[in-house]
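Just so you know, these numbers come straight off a predicted model, no measurement behind them.
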Amino acid sequence: MTQHPPRKALVIGAGIGGLAAAATLRRAGVEVRVFERAPELRPGTTAVSLMCNAVLALRTLDIDIAPGLDKRGAVFDELKFLTRRGRPIRALPFGEVSDRLGASNYAVHRADLQQTLLDALGDQSVIEFGATAAEFVSGEDGVEVTFEDGRTASGDFLIGADGFNSAIRRQVAGADEPRPGNYACWLATVPFTHPRMSKGYAAHYWGRGQRFGLADIGRGRAYWWATKNVPPGASGHLRRGKEGLAGLFAGWADEVREAIRTTPEESIVRITAQDRPFLQRWGTGRTTLLGDAAHPMLVSLGQGAALAIEDAVVLAQHLRATADPVAALRGYEDERRPRTEGLVAAARALSETEQLEGLFPALARDLYLRFAPLSKLTSQNEAVLTWPPLG
């Protein structure tokens, strides 16, 4: 390991990307301070897929989060694709791929992933709450952040991990409009059992202009999500409560209807399906971006959390290897842009395919998935899940 004089990183945001950055940077010998605008850690009520590429990436820095995920989440070895009534279309053997690569794929509650990353970080006193970043100044010798309450903080470099509506991104690259996904999305986690839902169950149900996902996230809990096409630009305005969702998914598989029925109204979260045009310049001077602040994506690939963790690992590797922080930040950005740009585009393309609404396009979609060579589908998945990336 290359040794450099002690350096201090300011990390804005204590979400998945910010916590991963804090843990990896400390492993690279960097002093870290994390600033979170919320008054306390708020993991939310939803869940995520945490794919094996993230687990493998962290292991390159001797951080093994698999034991924590094994304890708190659920490993899934197969992803089922079903019709809206629950009839099989295709099952993809993710377990075979992850066995070859050497790590599992997980479905995990956000709170449990957050706790696993906090365990990897160790010293939680480095997190400062109630700190909303307003602006930064990057100079030759360091960077200073000013917060909305007038506080300031100084460090050697700044990491904007402050999510989709990143204040750091706005100053780096200017304001840009979100790019709508043209569908509304509802999410929930709930204690749930059902005869069709075995340990490690993960399934996507495909309709026309609608989808439903259902996954075991461990300890008797399920995560579900539902989508519905809306007119372009309207996904942020559609309001539909539990009764409306039950109506939308009437006639779907019993486990789908039962998941909605057993979920309390207040546990259902509605989000806007959107990403942003891909950003080619992530940083300036001693400042860079990470995770959703750099490359927000639609959720179809289930790679948002994993890519943020990959970012954190690559950033730490560059800062460990390069004495000049500015050169390290630009090197990190150059390495990460091709992979993240490709996956942001792939997530949007897959999302558009999955949300097809016309009778014949939706039928063609289902037939392709049913009869496409398994070797081709497996190769595509393996390319995404492999760490370090192929090519």
Side-chain angles (χ1 to χ4, degrees), residues 14-27 41-80 92-124 161 187-192 197-203 213-225 290-292 299 301-314 316 381-382 384-388:
I16 292 170
L19 292 177
T24 56
L25 290 173
R26 292 191 70 195
R27 289 298 178 99
L41 284 179
R42 292 177 176 174
T45 60
T46 63
V48 297
S49 300
L50 201 283
M51 307 303 281
C52 65
N53 46 300
V55 179
L56 293 166
L58 285 169
R59 284 181 186 168
T60 65
L61 295 175
D62 296 323
I63 299 174
D64 189 2
I65 61 172
L69 295 174
D70 288 335
K71 178 174 64 175
R72 299 182 176 110
V75 173
F76 66 94
D77 290 329
E78 181 180 70
L79 178 58
K80 301 176 187 293
L92 298 183
F94 276 82
E96 294 180 9
V97 175
S98 61
D99 286 346
R100 285 197 298 273
L101 297 177
S104 297
N105 300 299
Y106 296 89
V108 58
H109 196 289
R110 281 186 178 273
D112 293 331
L113 176 55
Q114 183 182 76
Q115 186 58 56
T116 301
L117 292 172
L118 286 169
D119 291 346
L121 172 60
D123 183 6
Q124 298 180 29
L187 319 168
T189 58
V190 63
F192 185 69
M197 191 169 169
S198 55
K199 182 178 180 181
Y201 186 83
L214 183 61
D216 173 26
I217 59 170
R219 294 187 285 177
R221 300 164 301 167
Y223 169 52
W224 64 258
W225 49 264
L290 182 150
D292 282 349
V299 299
L301 282 180
Q303 277 286 334
L307 289 186
I309 290 173
E310 285 185 8
D311 286 350
V313 169
V314 174
N381 287 327
E382 190 160 350
V384 175
L385 299 174
T386 297
W387 186 266

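Shown here for G291 and D311, the closest heavy-atom pair between the two residues is N-OD2, 2.9 Å. A74 and G218 make their closest contact through CB-N, 3.6 Å (heavy atoms, listed as atom of the first residue, atom of the second, distance). Across N53 and W387, no two heavy atoms sit closer than the pair O-CB, 3.8 Å. Summarising the geometry of H109 relative to A47, their closest heavy-atom pair is CA-CB, 3.8 Å, with the distance given to 0.1 Å. Nearest heavy-atom pair, A103 versus S98, reported as atom, atom and distance to 0.1 Å: O-CB, 2.8 Å. Between I63 and A23, the shortest heavy-atom contact is CD1-O, 4.0 Å.
In this structure the side chain of R100 reaches within 4.5 angstrom of the side chain of E382, judged on heavy atoms. Side-chain contact between M51 and V384 is absent, with no heavy atoms from C-beta onward closer than 4.5 Å. The closest side-chain heavy-atom distance from L113 to R72 is not below 4.5 Å. Side-chain contact between L50 and I309 is present, with at least one heavy-atom pair separated by less than 4.5 Å. Using a 4.5 Å heavy-atom cutoff, the side chains of D216 and F76 are not in contact. The closest side-chain heavy-atom distance from Q303 to L385 is below 4.5 Å.
Here the straight-line distance linking atom CD1 of I16 with atom CG of D292 works out to 8.5 Å at 0.5 Å rounding. Atoms CZ and CG, on R110 and L41 in that order, are 13.5 Å from each other to the nearest 0.5 Å. Of the inter-residue distances, the one linking D119 atom CG with Q114 atom CD reads 11.0 Å to the nearest 0.5 angstrom. Rounding to the nearest 0.5 Å places CD1 of I217 at 15.0 Å from OH of Y106. The distance from the CD1 atom of I65 to the CG atom of L58 is 5.0 Å, given to the nearest 0.5 Å. Remark: L214 CG to Y201 OH distance equals 6.0 Å, nearest 0.5 Å.
Side-chain atoms of N105 come within 3.5 Å of backbone atoms of C52 as a donor-acceptor pair (strictly under, hydrogens ignored). Of the possible donor and acceptor atoms, one in the side chain of T24 sits under 3.5 Å from a partner among the backbone N and O of A312.
Salt-bridge check for D112 with R221: passed, with a basic side-chain N closer than 4.0 Å to an acidic carboxylate O.
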Passes side-chain contact (heavy atoms from CB on, under 4.5 Å), V48 versus Y223? Steps please. CA-CA 9 Å; V48 297; Y223 169 52; over 6 Å; no
